Q: 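Okay, handing you the structure first.
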6 protein chains.
Amino acid sequence: MARPDDRAADQLRTVRIQRDWLDHAEGSVLVEFGATRVLCAASVQDSVPRWRRDSGLGWVTAEYAMLPRATHTRSDREAVKGRLGGRTQEISRLIGRSIRACVDFKALGENTVQLDCDVLQADGGTRTAAITGAYVALADAVSWMRERGLLKGDPLVTSVAAVSVGVIDGEPRLDLEYTEDVRAETDMNVVCTGDGRFVEVQGTAEGKPFDRAELDALLDLAAGGCAELTRIQAEALGR
Amino acid sequence: MARPDDRAADQLRTVRIQRDWLDHAEGSVLVEFGATRVLCAASVQDSVPRWRRDSGLGWVTAEYAMLPRATHTRSDREAVKGRLGGRTQEISRLIGRSIRACVDFKALGENTVQLDCDVLQADGGTRTAAITGAYVALADAVSWMRERGLLKGDPLVTSVAAVSVGVIDGEPRLDLEYTEDVRAETDMNVVCTGDGRFVEVQGTAEGKPFDRAELDALLDLAAGGCAELTRIQAEALGR
Amino acid sequence: MARPDDRAADQLRTVRIQRDWLDHAEGSVLVEFGATRVLCAASVQDSVPRWRRDSGLGWVTAEYAMLPRATHTRSDREAVKGRLGGRTQEISRLIGRSIRACVDFKALGENTVQLDCDVLQADGGTRTAAITGAYVALADAVSWMRERGLLKGDPLVTSVAAVSVGVIDGEPRLDLEYTEDVRAETDMNVVCTGDGRFVEVQGTAEGKPFDRAELDALLDLAAGGCAELTRIQAEALGR
Amino acid sequence: MARPDDRAADQLRTVRIQRDWLDHAEGSVLVEFGATRVLCAASVQDSVPRWRRDSGLGWVTAEYAMLPRATHTRSDREAVKGRLGGRTQEISRLIGRSIRACVDFKALGENTVQLDCDVLQADGGTRTAAITGAYVALADAVSWMRERGLLKGDPLVTSVAAVSVGVIDGEPRLDLEYTEDVRAETDMNVVCTGDGRFVEVQGTAEGKPFDRAELDALLDLAAGGCAELTRIQAEALGR
Amino acid sequence: MARPDDRAADQLRTVRIQRDWLDHAEGSVLVEFGATRVLCAASVQDSVPRWRRDSGLGWVTAEYAMLPRATHTRSDREAVKGRLGGRTQEISRLIGRSIRACVDFKALGENTVQLDCDVLQADGGTRTAAITGAYVALADAVSWMRERGLLKGDPLVTSVAAVSVGVIDGEPRLDLEYTEDVRAETDMNVVCTGDGRFVEVQGTAEGKPFDRAELDALLDLAAGGCAELTRIQAEALGR
Amino acid sequence: MARPDDRAADQLRTVRIQRDWLDHAEGSVLVEFGATRVLCAASVQDSVPRWRRDSGLGWVTAEYAMLPRATHTRSDREAVKGRLGGRTQEISRLIGRSIRACVDFKALGENTVQLDCDVLQADGGTRTAAITGAYVALADAVSWMRERGLLKGDPLVTSVAAVSVGVIDGEPRLDLEYTEDVRAETDMNVVCTGDGRFVEVQGTAEGKPFDRAELDALLDLAAGGCAELTRIQAEALGR
């Protein structure tokens with residue numbers, strides 16, 4: 001069965017990265033994976049959380065959220081409900097961990113970069129688009145800091161990109177959109193560094209458990225997708 | 001003293017209204033008043049709140065929020081703090097009341113339109129941009145409902161637009177941007193219908209109390225600004 | 001149509017101001033606008049909020065609340081619900097802003113006056129009664145501070161009073177009670193200084209939008225009401 | 001050592017009960033134990049909580065709260081903090097349990113009486129004043145219901161009153177005011193029915209544990225105080 | 001009528017105290033009163049709450065909670081509901097007050113002992129088991145501190161134990177289990193020191209008010225039960 | 001370098017499963033992985049969540065929590081803080097998803113099994129112990145339901161077990177305890193069905209990114225560990 005947009009099984013959606021989408025943020029990116037659209041803002045602060053003070057080390061953290069009408073049907077605001085949902089916190093933690101994997105905190109000095117990833121429109125893969133865009137926003141914030149002499153070295157030891165993969169009707173596919181996501185038997189999010197190593201592998205059997213062969217096929221697919229995203233990030237950054 | 005962008009005292013910033021900015025919402029608008037950028041989404045629901053059931057009447061409500069890095073320095077998320085701030089609730093209530101002033105709830109039938117106004121970037125006048133954009137998003141949602149035969153008549157009895165005015169160094173000015181807003185002695189937000197009547201007048205002495213002459217001058221300025229915004233709304237809607 | 005208590009359209013309800021209603025507070029007033037009864041307590045603290053420290057300036061802030069059975073039918077407590085309602089926060093902010101308009105913060109020194117306005121019984125105009133009473137409680141707290149040599153000068157540059165006005169059956173009326181309030185086509189709250197200038201003007205079209213002539217009539221009526229309240233405040237303070 | 005107001009050790013403070021202090025509530029009482037002043041409102045609702053439906057039985061419940069400046073120094077509002085304190089909930093539960101001890105729920109029918117006890121001024125004994133006043137407010141609400149034919153019988157099987165007792169410098173004293181309360185070695189609150197039996201006995205060693213003889217002396221004192229309060233309640237109710 | 005387990009009216013259930021149930025806590029006890037099973041952990045911290053600093057005095061505090069399936073039917077978690085129930089806070093406060101009655105805070109030095117009492121299984125008397133077990137956990141934590149030279153003297157001036165008593169079918173009974181508890185006409189929790197004096201007496205008429213004779217009988221029964229528990233505590237501690 | 005307890009790299013800690021640890025729960029297990037100790041309770045309810053009603057399908061859900069002194073230093077209670085932490089919610093969601101992978105919801109009928117996993121003592125691997133124990137508790141609850149004729153078939157299509165693996169000093173190790181966990185360069189939790197397929201694979205680079213060879217080694221180790229746990233579960237269940 002063909003994919004909704006006639007993509008090949010190992011093909012990404014059209015990925016678009018617009019830098020400097022905001023005037024105030026030290027780094028900001030509107031990243032699109034097809035119809036998924038995430039605004040990533042990097043905010044620099046010349047201090048670190050209390051538990052990190054006087055360590056000489058910086059910090060990077062992330063928060064993820066969705067606008068209420070990013071989705072097909074409207075969701076209630078978490079601010080109105082007065083509590084963060086489990087999914088929101090889980091993805092915020094994932095983004096923070098993933099991005100920290102490419103940072104040398106000594107080189108960053110005692111500064112914090114806060115990454116805000118707000119999903120303006122959701123069509124599957126919001127967390128992977130957020131990680132991919134947040135890296136670029138971070139790179140711009142790092143440049144901003146470098147120009148102002150705020151760094152102790154180069155804090156970006158590598159780059160980080162992420163993609164989702166899944167099995168649909170027995171076929172492994174790259175970068176699922178929403179209509180594929182809901183049908184997937186297995187769903188996996190993979191975060192890789194620019195040199196092809198793994199930062200996070202999160203695979204979940206949605207429909208039925210998967211065997212080692214399926215897992216291997218998904219990992220291959222994801223590694224290829226991350227390599228392509230690494231190239232697109234570099235291009236967006238003019239490297 | 002000249003205005004930051006050499007505008008005349010009675011001149012609006014460049015106003016830009018992009019319709020259909022989202023794929024899923026029944027109406028959606030990205031509205032810009034200069035650098036202020038608000039995403040307004042209208043969501044249609046075929047039911048009404050409990051207290052309104054079996055009345056034959058519809059309902060329109062609004063929620064306003066700001067992304068954390070919409071502003072010059074980052075603000076904490078209200079969802080993370082676990083409570084809505086007073087300013088957020090006050091503006092949400094204002095938008096809801098203002099938009100309801102142009103609606104015939106009998107013609108709307110027992111449907112609810114939820115208006116979400118999310119500030120992506122803030123440079124003064126976010127609440128007035130939100131009201132002006134939300135009306136257009138509502139108009140699109142109403143068209144969507146009309147095409148599906150969900151209405152009992154024409155629910156839009158007029159249009160609604162809003163603008164801020166303020167006194168700076170003794171001079172009344174239209175549509176303040178952020179650097180003006182913080183210096184204003186008096187700050188007023190005015191909401192008008194398309195036929196030039198008032199829906200809301202909210203004037204606040206920031207620096208020193210104002211007399212009746214100043215109040216009159218501000219009301220004149222605001223009425224003119226709302227008339228111009230009404231024209232821009234009509235143009236955006238292709239009327 | 002006559003008013004419920006045969007008042008003239010431009011006549012206040014019976015206003016009663018009892019000072020020193022509490023033993024502990026530095027200033028306290030039980031203010032009544034007809035059956036509306038608000039307890040206003042002023043608490044002096046010899047410090048200021050963190051963001052104001054070492055500025056040499058004082059601060060005045062206010063909180064408004066209603067007892068659950070102040071109203072015709074009981075309302076749930078916000079403390080039990082675990083969150084402040086939007087209306088409560090909006091009115092608290094209004095009272096704070098209004099009262100601050102009469103204060104010289106340099107003369108106040110680095111002290112804070114907290115104004116608590118608790119509605120014991122509600123019959124329309126609770127926020128305007130609260131502002132009118134809070135000013136008197138503040139004046140008593142200022143006297144208390146003066147006697148103890150805590151001030152740097154006279155912090156009260158003027159007085160502040162507030163009244164509601166509205167249009168009912170096309171007729172502008174002063175100081176609406178509850179049964180009028182629910183029928184009003186337009187509802188406006190006006191805060192004036194003792195010398196007749198405006199601090200806040202908040203007009204809302206409840207039923208239908210209002211034109212400039214109606215707005216002007218309401219402003220005239222409100223200015224007269226505030227002048228009368230200013231006289232009653234002065235009398236209560238024995239000036 | 002003499003008591004602050006030269007009272008005898010077994011003497012109540014001046015107790016004052018003003019009925020019908022509010023216009024809207026079905027029963028309302030301003031009760032004063034000396035400078036302690038509590039507003040008790042009884043609200044009648046023609047339904048019962050979900051877990052009580054179709055049982056043929058009514059319900060009585062209570063909520064206790066303190067205005068922020070009821071006390072010598074201002075306390076933060078629990079609604080602002082977003083959570084009820086342990087002390088507040090404990091006293092609310094005590095009042096509810098105590099009052100329910102005098103109610104025949106079958107005779108009440110499937111109606112709920114909600115008792116709101118708001119402390120306007122605190123000088124020790126706020127919970128005992130609240131119970132004593134709440135009973136009178138309940139009695140008035142019951143009369144209101146009787147006049148409207150809402151009852152199945154007489155729901156008040158007895159009356160309920162409460163008083164505090166304590167040991168100060170080894171001397172048992174009745175109805176402690178605040179300056180005594182903070183010095184008490186043992187503190188006890190006792191709730192009695194009109195016929196002299198016990199509903200609640202809550203004794204706490206504040207300074208040092210107490211023996212059986214002290215406990216007996218306190219119980220005697222409290223029983224006498226409750227008997228006197230029962231007489232004052234009856235007088236206030238014109239019985 | 002016989003008791004569910006054929007106990008005598010003045011007989012405790014089988015009480016079992018297992019020390020060192022946890023590896024990390026400075027003191028820990030699994031206490032059982034029949035099927036009631038409470039895990040008491042004492043945590044030592046070398047500081048005191050802010051309001052106690054530089055006083056030279058230590059502090060002891062307690063928190064009580066129940067696992068969701070400790071009870072016959074599952075209860076929702078308070079952490080999930082986002083608020084502590086009134087009962088939970090009331091019992092936490094009772095445990096803290098009770099245990100503090102046996103502590104010399106000067107001898108404790110500026111250290112805090114936090115007592116966590118988590119009910120793993122509930123069958124009546126959870127608060128009294130918690131107090132009885134918490135004392136033993138505290139004693140072990142005090143030994144731990146003594147070995148490390150953290151004390152200024154002997155902080156345990158006496159021991160503390162607690163038991164419930166109640167009237168069932170007119171008969172006073174000691175240490176009620178759940179099926180008795182729900183049928184009790186009067187329910188009382190009594191906390192005594194090791195030398196037989198009272199720390200807390202909390203009696204509540206569940207079904208009908210009680211007279212002085214019943215109260216006296218319950219106090220006698222409770223005092224005997226506490227004496228037996230004091231013996232069991234001493235035995236567990238190898239004294 | 002040897003492991004803390006001289007285990008082989010591919011060896012589990014001593015695993016102990018005690019069934020029926022609670023009297024009331026339909027299934028309950030105290031599971032120990034070395035010093036890690038988790039109480040798993042399964043509660044049966046004869047209904048399903050609202051969104052699942054009239055589907056003919058059952059539901060299984062899980063909640064994970066830690067007692068405050070389960071850990072080396074005490075953690076604050078989430079119920080006291082008034083909000084669930086991100087880690088708690090993430091693990092609760094993981095347990096729920098994992099256990100649901102072995103359930104046929106049609107055979108379960110419109111019943112819900114709620115799994116409560118409370119960590120009494122933590123020494124690494126609490127989430128994997130919780131999943132392993134929760135399966136056994138669920139199996140007992142299913143037997144309980146079968147005996148009462150509440151099922152439509154056999155709801156357990158397979159079993160589920162989980163284990164952690166990690167890389168320490170370059171060596172892949174099975175079932176990390178706490179002191180290993182904090183030193184691991186890579187940390188992975190793997191959930192397998194009884195027939196050796198994968199339900200969840202969650203690998204995280206803690207120190208440095210991992211390559212495919214390391215990932216493969218960890219997956220082999222985990223699959224072996226899960227097979228051994230499957231055997232232990234079957235033994236505990238007397239199969």
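Proteins get letters first, then strands, A, B, ... in listed order; numbering begins at 1 in each. Computed from a predicted structure; not experimentally measured.
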Q: Under 4.5 Å heavy-atom distance to chain C, tell me which part of B:Thr193 shows up: side chain, backbone, both or neither.
A: side chain

Q: Return yes if some donor-acceptor pair links the side-chain N/O of B:Glu110 with the main-chain N/O of B:Gly58 below 3.5 Å, else return no.
A: no

Q: With distance as the sole test, does B:Thr36 use its side chain to make a donor-acceptor pair with the main-chain N or O of B:Gly124 at under 3.5 Å?
A: yes

Q: Taking C:Gln11 for the side chain and C:Leu174 for the main chain, is one N or O donor matched with an acceptor at less than 3.5 Å?
A: no

Q: Return the NZ to CG distance between C:Lys106 and C:Leu108, rounded to the nearest 0.5 Å.
A: 13.0 Å

Q: Nearest 0.5 Å please: distance from the CD atom of C:Glu63 over to the CD atom of C:Gln114.
A: 4.5 Å

Q: What parts of residues 74-97 of chain C touch chain B if we use heavy atoms and a cut-off under 4.5 Å?
A: C:Leu84, C:Gly85, C:Gly86, C:Arg87, C:Gln89, C:Glu90, C:Arg93, C:Arg97

Q: Side-chain contact test, heavy atoms from C-beta onward, threshold under 4.5 Å: evaluate it for C:Pro49 versus C:Thr112 and give yes or no.
A: yes

Q: Among residues 175-191 of chain B, which residues come closer than 4.5 Å to chain C, judged by heavy atom distances?
A: none

Q: Test your reading of the model: is there a side-chain donor-acceptor pair from C:Arg100 to the backbone of C:Thr61, 3.5 Å cut-off?
A: no

Q: Are there residues of residues 214-221 of chain C that reach to under 4.5 Å of chain B by heavy atoms, and which ones?
A: C:Leu215, C:Asp216, C:Leu219, C:Asp220

Q: Could you state the interatomic distance from CG (C:Leu12) to CG (C:Leu229), rounded to the nearest 0.5 Å?
A: 5.0 Å

Q: Can you tell me how far the CD atom of C:Glu206 sits from the CD1 atom of C:Ile168, to the nearest 0.5 Å?
A: 11.0 Å

Q: What part of C:Arg212 lies closer than 4.5 angstrom to a heavy atom of chain B: side chain, backbone, both or neither?
A: both

Q: Out of curiosity, C:Leu237 CG to C:Ser159 OG, how far, rounded to the nearest 0.5 Å?
A: 9.0 Å

Q: Quick check against the 3.5 Å criterion: does C:Gln233 have a side-chain atom that pairs as donor or acceptor with the backbone of C:Thr132?
A: yes

Q: Of all of B:Thr158, B:Val157, B:Val199, which one pairs up most often with chain C through heavy atoms under 4.5 Å apart?
A: B:Val199

Q: So, do B:Cys192 and B:Phe198 sit near enough that their side-chain heavy atoms are less than 4.5 Å apart?
A: yes

Q: Mind ranking B:Gly203, B:Ser98, B:Ala223 by heavy-atom pairs under 4.5 Å with chain C and telling me who comes out on top?
A: B:Gly203

Q: Please check if the side chain of B:Asp169 supplies one atom and the backbone of B:Glu171 the other of a donor-acceptor pair under 3.5 Å.
A: no

Q: Applying salt bridge (charged side-chain N to carboxylate O under 4.0 Å, His left out) as the test, list every pair that has at least one member in residues 188-197 of chain B; sequence neighbours left out.
A: B:Asp195-B:Arg197

Q: Supply the atom-to-atom distance C:Leu156 CG to C:Leu151 CG, rounded to the nearest 0.5 angstrom.
A: 9.0 Å

